[in-house]
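All values reported here derive from a predicted model rather than from experimental measurement. Per chain, numbering begins at 1; letters A, B, ... match sequence-line order.
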Amino acid sequence: MAQSDFFEQVYQVVRLVPKGRVTSYGAIAAYLGAKSSSRLVGYAMNGSHQQQPPVPAHRVVNRKGLLTGKVHFAHPHHMQELLEAEHIQVINDQVVDFEKLFWDPAIELAL
DNA sequence: AAGGTGACAGTTT
DNA sequence: TAAACTGCCACCT
């Protein structure tokens with residue numbers, strides 16, 4: 001295997017998130033079998049900006065649907081704009097109908 | 001080499 | 001009820 005670090009695994013899953021959908025750090029961690037390491041998922045996104053192809057980190061939010069990682073983007077408001085560009089409503093840094101737009105890899109990719 | 005960090009999540013007070 | 005603390009484990013300095 002190549003340098004398939006935990007980060008690489010996270011990037012792969014995030015890139016599988018369909019457009020117009022969102023997922024949570026815990027869901028990705030759980031899919032990787034490390035639900036207890038949800039923080040690692042967020043930490044992994046730290047280098048997602050320099051990954052190629054780009055990782056849609058804007059589709060990843062915390063369990064509450066809050067855009068907690070928006071501050072890590074080029075500009076704090078960039079994340080919301082990206083979500084709105086995908087027809088995802090974001091109010092007060094929170095994804096509207098988060099439960100409906102939620103995309104769980106453990107379920108969607110299980111098929 | 002060893003220790004500290006953190007874009008979370010669950011539990012407890 | 002809401003707010004605060006702890007656990008967690010790979011990456012970074």
Quiz item: At under 4.0 Å, does any side-chain N or O of S24(A) touch on OP1 or OP2 of dC8(B)?
Solution: no

Practice problem: Whole angstrom is fine here: how far is it from CG in L66(A) over to C1' in dC8(B)? | Solution: 12 Å

Practice problem: Using a 4.0 Å heavy-atom cut-off across all strands, classify N46(A) as base, sugar-phosphate, or nothing. | Solution: base

Self-check item: Interatomic distance, Q80(A) atom CD to N92(A) atom CG [nearest 0.5 angstrom]
Solution: 9.0 Å

Quiz item: Taking side chain as C-beta onward, heavy atoms only, is H49(A) less than 4.5 Å from F73(A)?
Solution: yes

Could you list the donor-acceptor pairs under 3.5 angstrom formed between side-chain atoms of residues 34-45 of chain A and any protein atom two or more places apart in sequence or on another chain?
none

Exercise. Return the value, rounded to whole Å, for the distance between atom CZ of F98(A) and atom P of dC8(B).
Key: 12 Å

Quiz item: Can you tell me how far C1' of dC8(B) sits from CG of L32(A), to the nearest Å?
Solution: 14 Å

Quiz item: Taking atom CZ of R59(A) and atom CD of E86(A), what is their separation to the nearest 0.5 Å?
Solution: 4.0 Å

Exercise. Could you grab the distance from atom CZ of R63(A) to atom CZ of F98(A), nearest 0.5 Å is fine?
Key: 8.0 Å

Quiz item: Hey, what's the ring geometry for H77(A) with H75(A), parallel, tilted or perpendicular (30° and 60° as the breaks)?
Solution: parallel

Quiz item: Is there a donor on the side chain of H49(A) or the base of dA7(B) sitting less than 3.5 Å from an acceptor on the other?
Solution: yes

Practice problem: Quickly work out the N62(A) CG to dG6(B) P distance and round it to whole Å. | Solution: 17 Å

Quiz item: Could you write nucleotides 3-13 of chain C as a row of B, S and -, 5' to 3', where a protein heavy atom under 4.0 Å of any base atom gives B, of only sugar-phosphate atoms gives S, and otherwise -?
Solution: ----BBBBSS-

